[in-house]
A.B. asks: 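Pasting a structure here, questions to come.
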Amino acid sequence: MFQTVKNPFGKMLVSGSFAIFTAQVIVSIGMSLGLLPITSVSLPFMSYGALSAMVNACLFGLVLSVYHKKDIILMKKI
């Protein structure tokens, strides 16, 4: 999906959201396997907690919004 977005700001939003989501998943799985120390990072969309679920839902909404508007051509000033 990252390659289909033409807007540079949209690419940054998608890559940043993906990086945050991936970091949360890796840290959570690493804690479960005993490879990383236990911290307060929860598995996205699977754990209790309103704030982490809301932040992940907002990030997911941003990515969907960027993907929805990927084919819109920006108008240039005349």
Side-chain angles (χ1 to χ4, degrees):
M1 187 187 105
F2 182 76
Q3 291 83 12
T4 61
V5 178
K6 296 178 181 102
N7 188 358
F9 184 69
K11 282 186 180 185
M12 286 192 298
L13 277 175
V14 170
S15 63
S17 299
F18 182 71
I20 291 171
F21 186 77
T22 304
Q24 286 179 345
V25 169
I26 289 172
V27 169
S28 181
I29 291 174
M31 287 186 304
S32 297
L33 296 175
L35 301 173
L36 294 172
I38 296 175
T39 60
S40 62
V41 177
S42 61
L43 188 63
F45 299 116
M46 297 297 287
S47 301
Y48 290 110
L51 183 62
S52 64
M54 189 169 44
V55 168
N56 287 325
C58 288
L59 289 175
F60 197 72
L62 277 173
V63 169
L64 288 177
S65 176
V66 168
Y67 186 72
H68 176 70
K69 297 179 186 302
K70 69 178 171 38
D71 294 328
I72 294 176
I73 298 171
L74 297 175
M75 294 179 58
K76 295 181 181 179
K77 290 184 180 180
I78 297 175

A.B. asks: What are the two closest non-hydrogen atoms of F21 and P44, and how far apart are they?
C.D. replies: CE1-CB, 3.3 Å
A.B. asks: Got K11 and V14 here, is their nearest side-chain heavy-atom distance under 4.5 Å?
C.D. replies: no
A.B. asks: Could you pull out all donor-acceptor pairs under 3.5 Å where a side-chain atom in residues 58-65 meets a protein atom, sequence neighbours excluded?
C.D. replies:
none

A.B. asks: In the single-linkage hydrophobic clustering (I, L, V, M, F, W, Y; side-chain heavy atoms under 4.5 Å), do V55 and M46 co-cluster?
C.D. replies: no
A.B. asks: What pairs of donor and acceptor atoms, side-chain ones from residues 24-42 against any protein atom, are under 3.5 angstrom apart with sequence neighbours left out?
C.D. replies:
residue	atom	partner	partner atom	Å
Q24	OE1	N56	ND2	3.4
S32	OG	S28	O	3.1
S42	OG	S52	OG	3.4

